[in-house]
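For reference, the structure is listed below as structure tokens.
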Amino acid sequence: MPEFSLPPQYDASTVESALYKRWVDAGIFTAHVDSPKKPYVIVIPPPNVTAVLHMGHGLNDTLQDAIIRFERMRGRETLWLPGTDHAGIATQNVVEKQLAAEGKTRFDLGREAFVQRVAGFVSETGAVILDQLKTIGCSCDWSRTRYTLSPELSRAVREVFVRMWEEGLIYRGHRVIHWCPRCLTALSDEEAEFHETSGNLYYIHYPLTHGSGQDGHVTVATTRPETLFGDTAIVVNPEDPRGRPFVGKTAKLPITGLEIPILADDSVDKEFGTGFVKVTPAHDANDFEVGMRHKLAMPLIMTEDAKMGDVGKRESGNGKRVPKEIEGLDRFEARKKVVKMLEAQGLLAKVESHQHAVRRCYRCDSIVEPRLSDQWFVKMKPLAEPALAAFRKGEVRFVPERWETTYVQWLEGIRDWNISRQLWWGHRIPVFTCTKCKHEWADRVDPTSCPTCGGGVTQDPDVLDTWFSSWLWPFSTLGWPEQTVDLKHFYPGHTLVTAPEILFFWVARMIMSGLHFLKQVPFNTVYLHGTVRDTKHRKMSKSLGNGIDPLDVVRLYGADALRWTAIAGVSIGSDLILDHEDLEATFAPGRNFANKLWNIGRFILSQLPEQVPAIESIGRKTLTLADRWILSRCQATIDAATKANEQFRLDEAAKLCYEFVWGDLADWYLESAKGRMGPAAYAVLAHCFDVGLRLLHPDVPFITEELWQKLPGRKPGALLAGAAWPVASAKARDAEADLAFGRVQELITAIRSIRAEYRIAPKTKLSAVLNSKHADAYAAETESITRLAGLENLSIGGSAAGVGAHAVLKDGSDVFVALTGSIDVAQECKRLTTDRDRLDKQLAGLSAKLSNESFVSRAPADVVAREREKEQAWRAQVRALNDKLKALGCA
RNA sequence: GGGUGGUUAGCUCAGUUGGUUAGAGCGCCGGUCUCACAUACCGGAGGUCACAGGUUCGAAUCCUGUACCGCCCACCA
């Protein structure tokens with residue numbers, strides 16, 4: 001036996017980084033365009049450049065790595081393309097916070113200095129996350145790392161913008177958009193998230209100009225009284241008898257007394273509020289539509305940072321609208337003050353508490369202020385239609401399928417995309433205006449003069465939405481608009497793995513851009529996994545303090561443990577629930593499994609000779625029942641795990657392999673083989689463990705590689721990460737062995753149960769008598785049965801003598817175990833009676849079923865036959881139990 | 001309001017097209033430091049599969065409804 005000196009416990013921290021380095025140095029992760037293999041491409045959802053690894057990445061990237069490693073082993077030329085996103089608002093916010101700590105704002109620095117500062121920050125701290133991905137084993141092609149704000153990708157962004165401009169898909173819209181008064185920028189619909197909020201509904205009297213109403217006023221309901229200064233009309237539903245008489249009359253704004261008309265508009269819901277709706281066209285998207293229909297003035301009554309005040313002359317309609325005492329107040333302060341003033345004037349009818357959805361900025365959580373402004377929009381309909389068609393033609397599918405409805409509904413109801421942001425960090429919008437002739441155009445290169453009149457040039461100050469670069473990721477990363485070799489070889493890709501939260505932000509838009517610019521969907525499968533949550537099902541986040549730092553997990557339990565939890569812990573598309581207060585319960589199973597593998601490896605290494613015979617060289621006749629069984633199990637696992645992986649049921653594949661290696665190989669085969677090591681056992685053991693390591697490599701790459709390296713027969717330089725996925729071998733599944741060894745397992749378990757039940761001292765040898773019509777199977781494994789059940793001898797057939805315990809097996813065999821010393825007859829009687837009664841009850845049910853005409857005639861023949869057999873076996877068991885009870889003299 | 005997912009053991013979850021006695025991990029109880037592993041081994045307890053109907057020879061699985069939890073979308077002021 002070869003020497004081995006491995007510690008009894010696997011220490012992940014001592015091997016992981018060296019293994020990772022070996023993979024990288026060997027170039028395993030690098031994709032080659034000249035490879036004859038079929039490509040398989042995944043582009044990473046680029047993390048924010050300033051991000052640090054959290055469990056969301058842990059889940060997302062582990063799944064991608066498991067998929068890409070599986071495909072790599074299956075012989076595809078895999079490309080997993082990594083990179084980062086410049087993350088406009090998010091990154092700008094981080095740096096602005098730093099500045100705030102220095103008592104400065106970005107305006108103090110000025111645009112150029114600020115952008116430089118952000119760039120500096122990014123280059124200093126940036127891409128930390130990519131290194132962190134290495135610690136969890138991600139097999140990205142680092143030679144192709146990309147960044148959304150790099151010159152290459154910026155070029156793609158600009159090309160896309162100009163092309164769409166030329167195609168008339170980009171336009172300037174003057175309308176109410178979502179405005180974040182803290183970030184001081186517009187947001188897209190998707191970036192302004194709804195949050196249920198409990199607020200108030202204020203009922204306010206607007207006095208009628210000519211006092212002709214019942215009480216000389218009409219009453220409106222609003223959640224935002226402070227906006228009344230921007231009201232330019234009151235509308236009622238033309239069908240509503242309450243409002244109809246007032247149409248055409250005028251009312252006065254409370255506090256300021258400005259006169260506004262009362263108009264009819266279909267958009268008013270007769271069921272809600274008072275039937276009278278105040279219209280603030282510049283601060284409400286819906287009111288804006290009303291304002292457009294009725295050609296109302298649209299005065300802005302708040303500044304960009306949401307303080308009350310008249311803004312601009314152009315929109316202001318009737319001139320000054322915000323009174324002195326309100327001017328300069330924050331919108332929420334103003335609300336309080338307005339309510340007080342209304343009360344003082346007797347114009348506040350009532351206040352009701354009211355649940356409603358308020359939009360908040362997805363980056364800073366501020367309540368978004370709807371605000372009339374000029375922004376750039378993309379016409380989405382022409383892009384959405386091909387994306388729908390492609391889906392309907394089956395060019396892209398979603399896993400799990402249920403997301404398809406969501407995708408379709410969003411595309412069907414698509415709205416134009418606001419792509420301009422009033423930020424400094426990002427791709428500056430390439431729209432230029434002539435200072436002389438006011439000509440406006442988009443340009444691929446920065447112009448120095450107006451192409452029409454030669455006048456001076458100014459560029460639009462805004463930048464593009466961060467997602468305007470992300471949506472090009474599947475091809476901008478491959479060099480588009482250049483027709484690069486990479487682009488030709490690796491586009492379109494295959495699988496996109498991400499969270500459903502960014503289905504609209506990102507996934508749907510990538511499909512649209514891919515179709516529009518390259519006429520092909522960028523990937524054929526979208527795998528949407530769940531969200532990482534805590535045990536209370538709250539999203540895991542830093543702000544909630546319920547986070548788990550993946551690097552802590554790696555340090556404490558190893559990267560494989562983290563990966564194991566992420567893969568085996570979720571079924572397809574479901575959320576990953578983790579307990580941040582009990583890391584041990586959450587991650588120990590993975591660590592323990594790695595340790596189990598380690599120890600199987602230690603055992604095998606202590607047994608195997610230098611030269612292990614190939615499994616193919618072992619004659620079938622020299623195989624024992626246990627050999628045949630484990631080989632059959634091995635084959636079954638290859639088949640099932642391969643299929644599960646192909647269907648993205650990664651958890652199932654992982655668990656199948658776990659069960660094979662731990663449950664079958666270690667707990668049974670290894671134990672049974674201990675007594676009879678020889679060429680056949682060596683070959684079987686080496687083969688099965690090798691298969692197990694290969695199958696598990698995508699899930700737990702480190703421990704499997706570490707062990708695989710140590711096994712005999714390795715060629716120098718060979719790596720498991722680059723090894724082949726096991727395939728169906730010539731040795732077919734062995735149903736006979738499955739069944740026979742299953743009986744052996746049951747017998748051993750039965751005897752062990754008796755041993756525990758009667759509290760037989762552990763080292764006491766027992767003898768057992770087995771009566772069975774399947775004697776052959778048991779006879780073939782007498783040696784291991786004897787050893788594993790702790791028997792002195794096992795006689796198959798013959799009659800039992802003396803007192804002892806009794807058990808009945810599923811196939812009707814019964815086993816009698818002679819017990820040393822006296823047995824507790826009462827206890828054995830109780831045991832047997834319980835068994836008998838339970839069996840009797842089941843038998844009664846089964847017999848009823850079998851005598852049921854309908855069952856016999858309508859159920860499939862094999863089901864009926866199986867039930868018949870079962871009935872017979874149970875009958876035999878009951879008889880045997882009764883005999884035994886009689887023999888023991890039980891009551 | 002529309003869409004969508006869930007409810008199975010104390011906890012976190014599996015359960016393939018309806019068909020043996022519904023499973024796993026953790027936890028729990030009892031026993032073992034057995035020469036690969038106590039991060040282990042052996043044995044065990046624990047579930048009227050949310051509820052009510054229905055279809056079927058047969059339902060955790062299919063249908064209808066109810067309750068509770070969740071997510072996405074939506075201009076109810």
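First the proteins, then the strands, lettered A, B, ... as listed; each starts at 1. Worth saying up front: this structure is predicted, and the values here are computed from it rather than measured.
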* **Distance in angstrom units between A:L503 CG and B:G3 P, rounded** => 18 Å

* To do: Under the side chain to side chain contact (heavy atoms under 4.5 Å, CB included) rule, what do A:W598 and A:L6 come out as? Steps first, then yes or no, please.
  => CA-CA 9 Å; A:W598 179 252; A:L6 301 175; 3.9 Å; yes

* **Pairwise C1' distance, B:U8 and B:G23 [rounded to whole Å]** => 10 Å

* Are side-chain heavy atoms of A:K278 and A:Y206 found at a separation under 4.5 Å? -> yes

Nucleotide N/O to protein N/O under 3.5 Å, stretch nucleotides 24-29 of chain B:
none

* Asked: For A:T219 and A:A349, which heavy atoms make the closest approach, and how far apart are they?
  -> CG2-CB, 4.2 Å

* To do: State whether the distance check finds a donor on one side and an acceptor on the other, under 3.5 Å, for side chain A:E671 versus base B:A36.
  => yes

* Asked: Given the P atoms of B:U20 and B:G58, what is the spacing between them in whole Å?
  -> 16 Å

* Asked: In whole Å, what is the span from the CD atom of A:E412 to the P atom of B:A74?
  -> 14 Å

* **Neighbour count >12 (heavy atoms, 6.0 Å) for atom CD, A:Q872** => no

* Quick one: is A:T406 getting a side-chain N or O under 4.0 Å of the B:G3 phosphate, OP1 or OP2? -> no

* To do: Assign A:S574 to base, sugar-phosphate, or nothing according to its heavy-atom contacts below 4.0 angstrom with the strands shown.
  => sugar-phosphate

* Which is true for A:A221 with a 4.0 Å heavy-atom rule: it touches a base, it touches only sugar-phosphate, or it touches nothing? -> base

* Ring-face cation of A:R359 near A:F194 (centre distance under 6.0 Å, axis angle within 45°) -> yes

* Round to a whole Å and report the spacing from CH2 of A:W668 to C1' of B:C41. => 12 Å

* Asked: Any idea which of B:C75, B:U12, B:C37 is nearest the A:I577 side chain?
  -> B:U12

* How far, in whole Å, is B:G44 from B:G18 if one measures between their C1' atoms? -> 32 Å

* Asked: With respect to the phosphate group of B:A77, does any side-chain polar atom (N or O) of A:T274 fall under 4.0 Å of OP1 or OP2?
  -> no

* Do other residues, nucleotides or ligands put more than 12 heavy atoms under 6.0 Å from the CD atom of A:E412? -> yes

* To do: Test A:I785 against A:V744 for side chain to side chain contact (heavy atoms under 4.5 Å, CB included), laying out the working first.
  => CA-CA 7 Å; A:I785 294 170; A:V744 169; 3.7 Å; yes

* For nucleotides B:C13 and B:G2, find the distance between their C1' atoms and express it as a whole number of Å. => 30 Å

Can you name the atoms? Protein N/O to nucleotides 18-20 of chain B N/O, anything below 3.5 Å, with the distance.
from  : atom 1 : to     : atom 2 : distance (Å)
B:G19 : O2'    : A:R866 : NH2    : 3.0
B:U20 : O3'    : A:K870 : NZ     : 2.6

* OP1 or OP2 of B:C41 sitting under 4.0 Å from any side-chain N/O of A:K596? -> yes

* **Modelled atom types, side-chain donor and acceptor of A:T586 and A:D579, under 3.5 Å** => no

* Given B:G31, is OP1 or OP2 found less than 4.0 Å from the side-chain N or O atoms of A:R752? -> no

* Just how far, in rounded Å, is P of B:U12 from CG of A:D534? -> 11 Å

* Asked: Between B:C72, B:C75, B:A14, which nucleotide has the shortest distance from any of its atoms to the side chain of A:F194?
  -> B:C75

* **Among B:C42, B:A77, B:U39, the nucleotide that comes nearest once only the side chain of A:N595 is considered** => B:U39

* Asked: P atom, B:A59 versus B:G53: distance in rounded Å?
  -> 14 Å

* Asked: Given that A:K539 and A:R759 both sit by RNA chain B, which one's nearest nucleotide is further toward the 5' end?
  -> A:R759

* To do: Look at the side-chain N and O atoms of A:T405 and state whether any lies under 4.0 Å from the OP1 or OP2 oxygen of B:C73.
  => no

* To do: Return no unless some side-chain N or O of A:R359 is found under 4.0 Å from OP1 or OP2 of B:C75.
  => yes

* Touch check for A:F593, heavy atoms < 4.0 angstrom, all strands: base, sugar-phosphate only, or nothing? -> nothing

* Asked: Is it the case that more than 12 heavy atoms not belonging to A:M292 sit under 6.0 Å from its CE atom?
  -> no

* Expressed in whole Å, how much space separates the C1' atoms belonging to B:C71 and B:C62? -> 25 Å

* How far apart are the closest heavy atoms of A:H529 and A:A499, and which atoms are they? -> NE2-N, 3.8 Å

* Asked: Given atom CG of A:L608 and atom P of B:A36, what is their separation to the nearest angstrom?
  -> 14 Å

* Please give, in whole Å, the distance from B:C72 P to A:W403 CH2? -> 8 Å

* Asked: Can you tell which of B:C71, B:A14, B:A36 lies closest to the side chain of A:R533?
  -> B:C71

* cation_pi(A:R360, A:W179) dist<6.0 Å, angle<=45 -> no

* Asked: Given atom CG of A:D579 and atom C1' of B:C11, what is their separation to the nearest angstrom?
  -> 9 Å

* Would you say a side-chain N or O of A:R402 is under 4.0 Å from OP1 or OP2 of B:G3? -> no

* Structure fact -> Answer for the Watson-Crick or wobble partner of B:C57, both distances under 3.5 Å, is B:G19

* Asked: Just checking, A:K674 and A:F603: is the charged tip under 6.0 Å from the six-membered ring centre and within 45° of the axis?
  -> yes

* Just to confirm, is there a sub-4.0 Å distance from OP1 or OP2 of B:C73 to any side-chain nitrogen or oxygen of A:Q409? -> no

* Asked: What interatomic distance, in whole Å, is found between C1' of B:C73 and the corresponding atom of B:C63?
  -> 28 Å

* **Distance, rounded to the nearest Å, where A:L583 contributes CG and B:U39 contributes C1'** => 16 Å

* **Closest contact, heavy atoms only, A:R676 versus A:A681** => O-CB, 3.9 Å

* Asked: Touch check for A:V268, heavy atoms < 4.0 angstrom, all strands: base, sugar-phosphate only, or nothing?
  -> base

* When rounded to the nearest Å, what value does the distance between P atoms of B:A50 and B:A60 take? -> 10 Å

* Structure fact -> Taking B:C37, B:C72, B:U4 as options, the one with an atom nearest any side-chain atom of A:P8 is B:C37

